[in-house]
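Structure, as structure tokens:
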Amino acid sequence: MITTSVRAAFAAAALAVLPFLATAPAAQAQVSPAAGAPILRGPLTLVQAIRQIPVADEQRAGYKRELYKHWNRGLDPADGCDTRREVILSEAVEAPTVAAGCKLSGGSWSSPYDGITVTDAGGLDVDHMVPLAEVHDSGGYAWTPARREAYANDQGSTVTLIAVTAKSNRSKADKDPAQWLPPADGYRCQYAADWTATKLRWQLTANDAEQTALLGLAGECPTTTVTYDPAP
């Protein structure tokens with residue numbers, strides 16, 4: 001059974017290297033951690049991080065959702081839980097009961113997009129922080145099928161996939177920050193940071209309107225920083 005330790009491990013790894021990053025002379029530092037640990041880039045101010053995303057026009061041609069295979073068998077193929085359920089389990093505030101076939105009952109979650117508490121896993125969607133269509137527009141059109149699947153099921157970062165209310169996820173759809181922001185105002189700085197970290201992790205681009213919107217948010221978030229782990 002997957003527990004909250006999956007994501008907690010990544011958070012702990014990030015906290016462990018922060019003292020070393022704070023003393024780095026450059027705006028972006030690359031840390032050489034212990035074997036097997038992720039290489040973290042940052043911390044960067046939100047403005048610095050946004051400026052590192054290349055600006056380019058979007059290319060939607062050829063997009064089909066099925067090009068991005070999800071959900072696959074997850075981090076532990078033997079646990080009976082696909083990626084979606086593993087994310088839901090890892091983000092539970094109160095862990096649900098897991099029955100055969102990874103059927104979930106009980107538990108509770110806090111949806112960061114709208115601040116709503118959810119007590120039924122059936123009321124959750126697992127959102128791609130950068131939606132699949134936006135990924136395609138921003139460089140995914142040139143990816144191999146394997147890389148598309150890797151993004152669509154990415155649990156190597158704590159922010160690529162996020163459990164939220166179905167209503168908020170469907171309101172967002174495939175919109176970028178120029179078109180949609182979370183209704184929970186207190187989450188918007190973190191949303192901008194997580195969006196930016198995901199784009200940097202996967203070497204994606206941003207169009208002019210998206211960059212302008214992100215920089216506008218950054219002006220309201222002077223203490224927000226971005227650290228990201230480049231995708232394999």
Side-chain angles (χ1 to χ4, degrees), residues 27-28 40-70 112-114 125-154 156-162 164 167-232:
Q28 175 170 319
L40 303 175
R41 301 282 176 92
L44 306 169
T45 68
L46 184 51
V47 170
Q48 287 173 330
I50 293 166
R51 292 291 188 190
Q52 288 197 19
I53 303 174
V55 176
D57 292 336
E58 294 184 346
Q59 299 187 44
R60 177 63 60 96
Y63 172 71
K64 295 180 181 178
R65 190 170 175 82
E66 55 265 30
L67 292 173
Y68 295 78
K69 182 181 177 182
H70 65 288
Y113 286 177
D114 46 18
D125 279 355
V126 172
D127 183 39
H128 293 88
M129 174 57 62
V130 178
L132 298 179
E134 171 70 19
V135 168
H136 193 84
D137 295 349
S138 306
Y141 59 83
W143 287 356
T144 64
R147 189 161 181 81
R148 289 171 176 166
E149 181 177 354
Y151 175 81
N153 298 274
D154 180 20
S157 164
T158 60
V159 302
T160 305
L161 301 172
I162 183 169
V164 296
K167 180 180 179 180
S168 65
N169 184 40
R170 291 162 199 182
S171 172
K172 174 184 173 183
D174 62 1
K175 302 179 183 73
D176 69 26
Q179 303 160 317
W180 185 90
L181 290 172
D185 290 344
Y187 177 69
R188 289 185 176 182
C189 290
Q190 189 62 51
Y191 183 76
D194 292 349
W195 178 282
T196 299
T198 303
K199 285 244 164 166
L200 290 171
R201 171 172 167 76
W202 288 92
Q203 298 181 335
L204 297 166
T205 63
N207 65 15
D208 287 324
E210 178 187 344
Q211 184 193 61
T212 298
L214 287 168
L215 288 172
L217 281 169
E220 302 172 13
C221 309
T223 63
T224 300
T225 59
V226 175
T227 300
Y228 69 97
D229 173 13

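Throughout, residue positions are numbered sequentially from 1 according to the sequence presented.
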> Would you say the side chain of V135 lies within less than 4.5 Å of the side chain of L204, judging by non-hydrogen atoms?
Replying inline: yes
> Any ion pair linking D125 and K172 (charged N to carboxylate O, less than 4.0 Å)?
Replying inline: no
>> Surrounding NZ of K69 (heavy atoms of other residues, nucleotides or ligands, distance under 6.0 Å), is the total greater than 12?
In response: no
>> Minimum heavy-atom separation for W195 and K175, please, with both atom names.
In response: CH2-O, 3.8 Å
>> Taking the side chain as everything from C-beta on, heavy atoms only, tell me whether T227 gets closer than 4.5 Å to R41.
In response: no
> Which residue pairs pass the ring-ring contact (aromatic ring centres under 6.0 Å, His included) test when at least one of the two sits in residues 44-63, sequence neighbours left out?
Replying inline: Y63-H136
>> Please verify the inter-ring angle class for Y113 with Y187; under 30° counts as parallel, over 60° as perpendicular, anything in between as tilted.
In response: tilted
> What class does the angle between the rings of W202 and W143 fall in, given that below 30° is parallel, 30 to 60° is tilted and above 60° is perpendicular?
Replying inline: tilted
> Counting only heavy atoms not in Q203, do more than 12 fall under 6.0 Å of its CD?
Replying inline: no
>> Has S138 got a side-chain atom pairing as donor or acceptor with A206's backbone, closer than 3.5 angstrom?
In response: no
>> Distance check, rounded to the nearest 0.5 Å: H70 atom NE2 versus D154 atom CG?
In response: 13.5 Å
> Can L200 and I53 be said to form a side chain to side chain contact (heavy atoms under 4.5 Å, CB included), step by step?
Replying inline: CA-CA 6 Å; L200 290 171; I53 303 174; 3.8 Å; yes
>> Using 0.5 Å steps for rounding, measure from the CG atom of N153 to the NE2 atom of H128.
In response: 6.5 Å
>> Using the rule given for side chain to side chain contact (heavy atoms under 4.5 Å, CB included), can you reason through L132 versus Y151, listing the C-alpha separation, both sets of side-chain angles and the distance that settles it, and then say yes or no?
In response: CA-CA 9 Å; L132 298 179; Y151 175 81; 3.9 Å; yes
> If you measure from the Lys or Arg side-chain nitrogens to the Asp or Glu carboxylate oxygens, is any gap between K199 and E134 under 4.0 Å?
Replying inline: yes
> Of all heavy-atom pairs between R148 and Y141, which one has the smallest distance, and what is that distance?
Replying inline: NH2-O, 3.0 Å
>> Per the salt bridge (charged side-chain N to carboxylate O under 4.0 Å, His left out) rule, what does the pair list look like for residues 188-198, sequence neighbours excluded?
In response: D185-R188
> Which heavy-atom pair separates W180 from S171 by the least distance, and what is that distance?
Replying inline: NE1-OG, 3.0 Å
> Does Q179 use its side chain to pair, donor to acceptor, with the backbone of D176 at less than 3.5 Å?
Replying inline: yes
> Does R201 reach the main-chain N or O of D229 with its side chain, forming a donor-acceptor pair under 3.5 Å?
Replying inline: yes
> Of the non-hydrogen atoms in A209 and A178, which two are nearest, and what is the gap between them?
Replying inline: O-CB, 3.6 Å
> What is the minimum heavy-atom distance between P232 and R147, and which atoms define it?
Replying inline: O-NH1, 3.0 Å
> Which heavy atom of P112 sits nearest a heavy atom of A184, and at what distance?
Replying inline: O-CB, 3.6 Å
> Could you state the interatomic distance from CD (Q48) to CD1 (I50), rounded to the nearest 0.5 Å?
Replying inline: 10.5 Å
Under 3.5 Å donor-acceptor pairs involving side-chain atoms of residues 211-224, not counting sequence neighbours:
unit_1, atom_1, unit_2, atom_2, d
T212, OG1, D208, O, 3.0

